[in-house]
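Notes to accompany the following structure.
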Amino acid sequence: GVEYETGDLENGSFAILSSMFLTSNSKYKKQELIKLFKLHGIGCSPFSGKNSFGLNMSFLSDKVPEAADILESIIRTRAWNENDVQMEIKDALFALQGRKEHGWTQSSLHFKKIFFKNTPFENPADGTEASISALKLDKIFELKNKFLTPANMVVSIYGDLEISEVEK
């Protein structure tokens with residue numbers, strides 16, 4: 001998350017990385033992922049916070065195999081390309097334009113600049129136009145390979161699921 005976005009790591013890097021979870025991967029194209037989410041009623045939303053990033057998934061208990069398959073394809077992906085990254089950057093830049101028109105967001109960003117001065121937390125989690133525009137595919141993959149590792153992961157599961165089903 002934002003805490004690690006200092007020095008050579010552009011602000012908003014983790015926001016772009018987490019948004020990449022829902023683009024094409026080694027097993028599925030983006031359109032196939034969207035179709036699978038709808039077909040199986042799986043909710044999936046990436047996030048990037050102050051010191052973490054990840055993916056929230058919600059699904060019915062009879063959809064564990066399908067959800068696990070999708071999650072595995074996302075985690076193990078090696079199939080992003082520059083076009084995928086540029087599309088996510090374009091979407092992020094569009095969202096940043098909307099942020100400029102929202103008074104509460106602007107005042108919150110101004111407060112952070114003052115209160116968290118000289119810390120990574122003074123920066124917006126979703127980056128700036130300059131920082132997002134500077135991101136490239138190799139940097140996103142470097143981030144993924146460094147931080148999306150078993151030693152850094154937490155998988156939390158709750159609901160009416162059988163442990164034996166989840167362990168499979």
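The structure displayed is predicted, hence computed values, not measured ones.
The shortest non-hydrogen separation linking E32 to K29 is OE1-N, 2.7 Å. Nearest heavy-atom pair, L109 versus P124, reported as atom, atom and distance to 0.1 Å: CD2-CB, 3.5 Å. Closest approach of Y4 to L9, counting heavy atoms only: O-CD2, 3.1 Å. In plain terms, the two heavy atoms of S48 and G1 that are nearest each other are OG-CA, 4.3 Å. The two residues I89 and S133 come nearest to each other via the heavy atoms CG2-CA, 4.4 Å.
A donor-acceptor pair is defined here as one N or O able to donate and one able to accept, closer than 3.5 Å; no such pair exists between the side chain of W80 and the backbone of N25. The closest donor-acceptor contact from the side chain of E5 to the backbone of S13 lies under 3.5 Å. With hydrogens and angles disregarded, a donor-acceptor distance shorter than 3.5 Å links the side chain of T77 to the backbone of S26. In this structure, S107 contributes its side chain and W104 its backbone to a donor-acceptor pair below 3.5 Å.
From L55, atom CG reaches atom OG of S45 across 7.0 Å, with rounding to the nearest 0.5 Å. In this structure, the separation between SG on C44 and CG on L33 is 8.0 Å, given to the nearest 0.5 Å. E66 CD to H40 NE2: the interatomic distance, rounded to the nearest 0.5 Å, is 4.5 Å. Note that OG1 of T23 and CD1 of I16 are 11.0 Å apart. Values are rounded to the nearest 0.5 Å. Separating the CD atom in E3 from the CG atom in N123 is a distance of 12.5 Å, to the nearest 0.5 Å. Rounding to the nearest 0.5 Å gives a distance of 10.0 Å between CD1 of I140 and CD of E10.
Side-chain contact between D69 and Y28 is present, with at least one heavy-atom pair separated by less than 4.5 Å. In this structure the side chain of I75 reaches within 4.5 angstrom of the side chain of M153, judged on heavy atoms. Residues E122 and I114 are not in side-chain contact: their nearest non-hydrogen atoms beyond the backbone lie 4.5 Å or more apart. Residues V85 and K136 are not in side-chain contact: their nearest non-hydrogen atoms beyond the backbone lie 4.5 Å or more apart. Q97 is listed as a side-chain neighbour of K100, based on a closest heavy-atom distance under 4.5 Å. The shortest distance between side-chain heavy atoms of S52 and F47 falls below 4.5 Å. Inter-residue side-chain proximity for R99 and Q106 is flagged as met; some heavy-atom pair is nearer than 4.5 Å. Using a 4.5 Å heavy-atom cutoff, the side chains of M20 and D84 are in contact.
Screening residues 144-155 for side-chain hydrogen bond (donor to acceptor under 3.5 Å, both in side chains), with sequence neighbours left out, gives T149-N152.
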* **CA sep, side-chain torsions, deciding dist, call: K30, E88, salt bridge (Lys or Arg N to Asp or Glu O under 4.0 Å)** => CA-CA 12 Å; K30 187 172 188 168; E88 292 303 320; 3.3 Å; yes
* Worked verdict on I42 versus L36 for side chain to side chain contact (heavy atoms under 4.5 Å, CB included) -> CA-CA 8 Å; I42 298 172; L36 284 171; over 6 Å; no
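A continuous path of hydrophobic side-chain contacts links L71 to I157 [ILVMFWY only; heavy atoms under 4.5 Å]. Each of I132 and F121 belongs to its own hydrophobic cluster when Ile, Leu, Val, Met, Phe, Trp and Tyr are linked at side-chain heavy-atom distances under 4.5 angstrom. If you chain together hydrophobic residues whose side chains sit under 4.5 Å apart, F21 and M87 never meet in one group. A single hydrophobic cluster is seen to contain both L22 and F147, as judged by linkage of ILVMFWY side chains at heavy-atom distances under 4.5 Å, directly or through other members. Hydrophobic clustering places F111 together with V2 (ILVMFWY residues linked when any side-chain heavy atoms are closer than 4.5 Å, directly or through intermediates).
Partners of E142 according to the salt bridge (charged side-chain N to carboxylate O under 4.0 Å, His left out) rule, which considers only residues two or more places apart in sequence or in another chain, are K139.
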